[in-house]
Amino acid sequence: MGHQQKFLAVIGVGVVALLTEFVFHQAVAAQVIVTIVGAILAISMFIEMIKTLRSGKYGVDLLAIMSITATLAVGEYWASLMILVMLTGGDSLEDYAARRAGSDLKSLLDNSPQIAHIKRENQLVDVSIDEVHIGETVVIKPGESVPVDGLVIEGSGNFDESTMTGESRLVSKKPGSELLSGTINGDTAITMRVTKTAADSQYQTIVKLVKASQDKPAHFVRMADRYAVPFTIVSLLIAGIAWLISGDPHRFAEVLVVASPCPLILAAPVALVSGMSRASRNSIIVKSGTSIEKLARAKTAFFDKTGTITAGRLNVTQVVPAPEFTEAQLINLVGSLEIQSAHIFARAIVRYANDQDDFHNQPVSHFTETTGSGVIGQVAEHRVEAGRRNFVSAETPLVELAEGESIVYVTVDGQYAGHLTFADQLRPESTNTMARLRSLGIQHIAMLTGDKQQTAEHIAEQAGIDEVHAECLPQTKIDLITQAPAAQHPLIMVGDGVNDAPALAAADIGIAMGAHGASAASESADAVILKDDLSKVATAVKLSQETMAVAKHAVLIGIFICVVLMLIASFGVIPALFGAMLQEVVDTASILWALRARKSHEKVNKKTNHGDSLIA
């Protein structure tokens, strides 16, 4: 039976008992009804508590069981009924608060794209997104969601990416631009080439992660357990002393009635679910409440380099045209040609070209691509070749490259036209992220990478990281994490690649940079950053610290009010029935305070960090 059904059942029993005593004047029958129902629920709670104790954790239901038993024993059956209403109503209120706090997560599941318009034999065919294959051509009509990840090949327009990246402004897309599944097309039809299947596309990855986070509520009361033992001891001492001094067993029951542990049972999980909801609105999926607790207390952060500290993808670092060409001419020609390719160099060139104000996409014909070597095509009546030095037809000068750089040579009509260099670059937000983490109490920051020592140290110096472990194998990263001193835990590991998955699983908190689709990293991580923004790691730590502060305050407020009420009740001035009613006030206050974790400090964050905007 669910919490809401239990609550309604208790209300129903209460109505029957009230009618029995006050309409039919059968007080004994009313007492019997309440006693039977109370005994059944108390036994049920006792069994659940035994299961909790066997699992190695302390249950926080002992006081509730004792208060029901004590009030029934001294004949305060109406107080027992009120306690039952309070407990079952509190559970129902917890369910409501969890649903409210998780409403942002649910909205992702409700808006998942299901259908794609595929071009097959010059006709549009509607198929399920699970039937879409890489390389197929998809048409996105005005106002529709992008079904899977892809690249624009025809048309241009504006897309709403707020559900995926938090960017509230419309984003312009043109041939060569990347499209994320789940984003919304504007007013013009767009044709794209599929680059990822539905299972690996961004939106479906988020949906899978959200479902995983919703399935992990089991550890939410760990923080409450730390307060349960002393709270129970104090409650029993006050109740026992009141009984001993007064000689009245009713006094024992009256004290226990106002000592209900509902603030402990409810406040922590409500605050943690609220914190998870708030994190989701900041493009961060935290999979469990335990992860929020660990993030709030983290002392160490280890980072992978490629794709984490750096952008993880090649970017054009230099465009060098031959004397006979301008940079604009070179980019217009090679950019138009590379739109036809899905190669990593082509993607970098197209991104760079689309960022230039004077880039004009031109029609391409007779396009051919030689895997691993280069591309050839007719662009605006010119034969353009781009690729390796031994692939292009003209005599080209040999260019010396720095460590980590790559190059593409370009010829036009058999004449050398220039070259472009590429490199993986430091994320612009990396340095500020490290500084923010230190200000949040992360005392130890290190970079773990398989790259050479010199390259790793250069990147680490730029990012503001003092400790570098280079030429690491996956097992080396695991050893560094597991052998870290106890004083450095809880330990965060941040990575993005498949090779990072073992290290993410070994760390106390694994955080995956999951903006570019599904991977083993996202599956094994405790939290996933949905936006391609490293600063979200610091945001996750800050949100967790604020969430745990709200949870702790909610619990302590409830405990403080309960202790005050217990001291007052020990003098016999709070009847058991009235004390049970006061507990509803305590529970409501604790839950409302815990819900502050859903919006705590949000206005401040919006002013100080515009990247932390909503994803839904």
Side-chain angles (χ1 to χ4, degrees), residues 93-111 163-164 166 205-224 265-298 440 490 492 494 504 508-515 522-531 533 536-555 590-602 605 609 612-616:
L93 186 56
E94 178 190 356
D95 289 344
Y96 167 75
R99 289 194 300 270
R100 174 75 185 274
S103 59
D104 301 293
L105 301 182
K106 185 177 183 297
S107 67
L108 285 172
L109 305 179
D110 293 339
N111 296 316
T163 56
M164 305 300 297
T205 300
I206 295 173
V207 169
K208 184 162 57 176
L209 292 170
V210 168
K211 288 180 178 177
S213 72
Q214 291 181 323
D215 291 338
K216 293 191 176 182
H219 304 297
F220 279 3
V221 294
R222 284 185 176 179
M223 186 194 75
I265 298 171
L266 301 180
V270 169
L272 289 169
V273 170
S274 298
M276 292 170 66
S277 174
R278 183 180 168 209
S280 77
R281 300 199 308 274
N282 283 272
S283 303
I284 305 162
I285 296 293
V286 182
K287 296 184 181 179
S288 73
T290 304
S291 299
I292 286 188
E293 293 192 51
K294 290 179 180 178
L295 274 169
R297 297 184 290 113
L440 291 169
I492 301 170
V494 187
L504 294 175
D508 297 317
I509 314 105
I511 300 180
M513 300 293 292
S522 296
E523 295 292 337
S524 61
D526 300 292
V528 182
I529 308 296
L530 302 178
K531 191 174 181 180
D533 182 357
K536 295 294 182 182
V537 174
T539 300
V541 173
K542 182 176 177 61
L543 293 183
S544 298
Q545 290 177 350
E546 292 178 355
T547 296
M548 293 310 299
V550 170
K552 184 176 180 179
H553 293 160
V555 169
S590 297
I591 290 172
L592 290 177
W593 189 276
L595 280 171
R596 291 180 68 247
R598 192 170 184 262
K599 295 184 178 180
S600 178
H601 297 90
E602 203 151 50
N605 284 339
N609 188 351
D612 297 347
S613 50
L614 308 184
I615 67 166

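Counting from 1, the numbers follow the sequence of the chain as shown.
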What is the distance from atom [atom1] of [X] to atom [atom2] of [Y], rounded to the nearest 0.5 Å?
{"X": "Arg281", "Y": "Met276", "atom1": "CZ", "atom2": "CE", "value": "13.0 Å"}
{"X": "Leu440", "Y": "Leu295", "atom1": "CG", "atom2": "CG", "value": "11.0 Å"}
{"X": "Lys536", "Y": "Ile511", "atom1": "NZ", "atom2": "CD1", "value": "13.0 Å"}
{"X": "Asp508", "Y": "Thr290", "atom1": "CG", "atom2": "OG1", "value": "12.0 Å"}
{"X": "Thr539", "Y": "Leu543", "atom1": "OG1", "atom2": "CG", "value": "6.5 Å"}
{"X": "Ile509", "Y": "Leu504", "atom1": "CD1", "atom2": "CG", "value": "11.5 Å"}

Ignoring hydrogens, what is the shortest heavy-atom contact between [X] and [Y]? Give both atom names and the distance.
{"X": "Ser544", "Y": "Ala296", "result": "O-CB, 3.6 Å"}
{"X": "Val494", "Y": "Met513", "result": "CG1-CG, 4.2 Å"}
{"X": "Ile285", "Y": "Ser280", "result": "CD1-CB, 4.2 Å"}
{"X": "Val286", "Y": "Ala279", "result": "CG2-CB, 4.0 Å"}

Got a salt bridge between Arg297 and Glu293, using NZ or NE/NH1/NH2 to carboxylate O under 4.0 Å?
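Looking at Arg297 and Glu293, the cut-off is not met.
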So, do Ile492 and Val541 sit near enough that their side-chain heavy atoms are less than 4.5 Å apart?
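Of all side-chain heavy-atom pairs linking Val541 with Ile492, at least one is under 4.5 Å.
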